[in-house]
Structures are given as C-alpha cells and as structure tokens.
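These notes concern the structure reproduced below.
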Amino acid sequence: MGGLPPYNWYVWRFLANTGLRRSELLNLDWSNIQDNTIHVVSTEAKRTKSVKWRPVPLSEGAQYALNRFGKHFGNKKKTGLIYTSTAPSLSRAFSRVLKRSGI
C-alpha cells in the first residue's frame, strides 16, 4: 500500500495495542495517561462496560499510534480529550474496513 495510511489507521493501531473499546477512547483524557500507563476511569457520567477502572500499559506500538493520530486528530496541547476528531464516526469507519476486508 503506497502513500499515507487511511486517516483512521493510527486509531485502530492504538485500539489494537491497548485493548481499549472505542467508547473508552472517546472518553479518554490526556490526564488519564501517567507513567506509560493509561488509567481507564469509570465515572457516573462516563461509565465503562465493566463499571470498573483499570490500568492499561502503554506499549511502544500504542505510544507510536497515539503520537501519530494525536498530530492529525487529537488535541495538540495534550490537555482535555485525546481524540477530538471531526472525521466520520469510528463505527462507520470500522464497518467500511470490515466490509473491504471481507470479515
């Protein structure tokens, strides 16, 4: 595949390297990343599926993807929400990827 990866490639790489759900990414704040660990927080307003908080190690692959998609879609000041894209929804993009791959 030549040229630049699709706009959401780094997002998928980040999700695959962390195991985060799409909804967890959409609620992830830069303050939730400390000491190479993502602290997935469940609050009354933004509840996770398990209703529990959990630490997720930030692997090299996840760090690379976070830095790349952060430059394109994220908050460059590294405050507030990590993923602030106005691109098409992740659900629609995911459906298109599945269809193209034959999965």
Side-chain angles (χ1 to χ4, degrees):
M1 172 165 83
L4 294 172
Y7 77 91
N8 54 10
W9 186 87
Y10 300 114
V11 175
W12 303 130
R13 182 170 179 176
F14 178 76
L15 293 173
N17 276 270
T18 60
L20 263 62
R21 296 173 181 93
R22 289 175 287 162
S23 61
E24 291 171 339
L25 170 63
L26 295 175
N27 291 316
L28 192 61
D29 192 276
W30 282 105
S31 65
N32 297 123
I33 299 179
Q34 301 164 5
D35 302 322
N36 287 324
T37 302
I38 301 168
H39 299 273
V40 179
V41 180
S42 182
T43 65
E44 194 67 36
K46 296 178 181 177
R47 198 165 298 290
T48 63
K49 184 177 178 181
S50 67
V51 192
K52 298 177 184 175
W53 80 274
R54 69 183 190 285
V56 177
L58 193 58
S59 68
E60 282 185 39
Q63 182 68 52
Y64 173 79
L66 180 63
N67 289 336
R68 298 301 300 164
F69 86 71
K71 289 179 182 177
H72 297 286
F73 309 112
N75 183 332
K76 294 178 179 89
K77 295 178 184 177
K78 295 194 175 185
T79 59
L81 293 175
I82 288 176
Y83 185 77
T84 58
S85 177
T86 57
S89 82
L90 290 175
S91 295
R92 274 186 273 149
F94 188 65
S95 295
R96 283 194 303 267
V97 168
L98 288 176
K99 186 175 183 178
R100 275 187 259 152
S101 68
I103 296 176

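Start at 1 with the first residue, then count along the sequence.
Summarising the geometry, atom CD1 belonging to I82 is positioned 11.0 Å from atom CG belonging to L26; distances are rounded to the nearest 0.5 Å. With rounding to the nearest 0.5 Å, the separation of CD1 in I38 from CH2 in W30 is 10.0 Å. In this structure, CZ on R13 lies 11.5 Å from CG on L66, to the nearest 0.5 angstrom. Between the CD1 atom of I33 and the CG atom of L28 there is a distance of 5.5 Å, given to the nearest 0.5 Å.
Between L81 and D29, the shortest heavy-atom contact is N-OD2, 3.7 Å. Shown here for A62 and T18, the closest heavy-atom pair between the two residues is CB-CG2, 3.6 Å. The two atoms that bring L15 and L20 nearest to each other are CD2-O, 3.5 Å, heavy atoms only.
No donor-acceptor pair under 3.5 Å is formed between the side chain of D35 and the backbone N or O of T37.
At a threshold of 4.5 Å between non-hydrogen side-chain atoms, the residues R21 and V40 do not count as touching. Side-chain contact between F14 and N67: absent, with no pair of heavy atoms (C-beta onward) separated by less than 4.5 Å.
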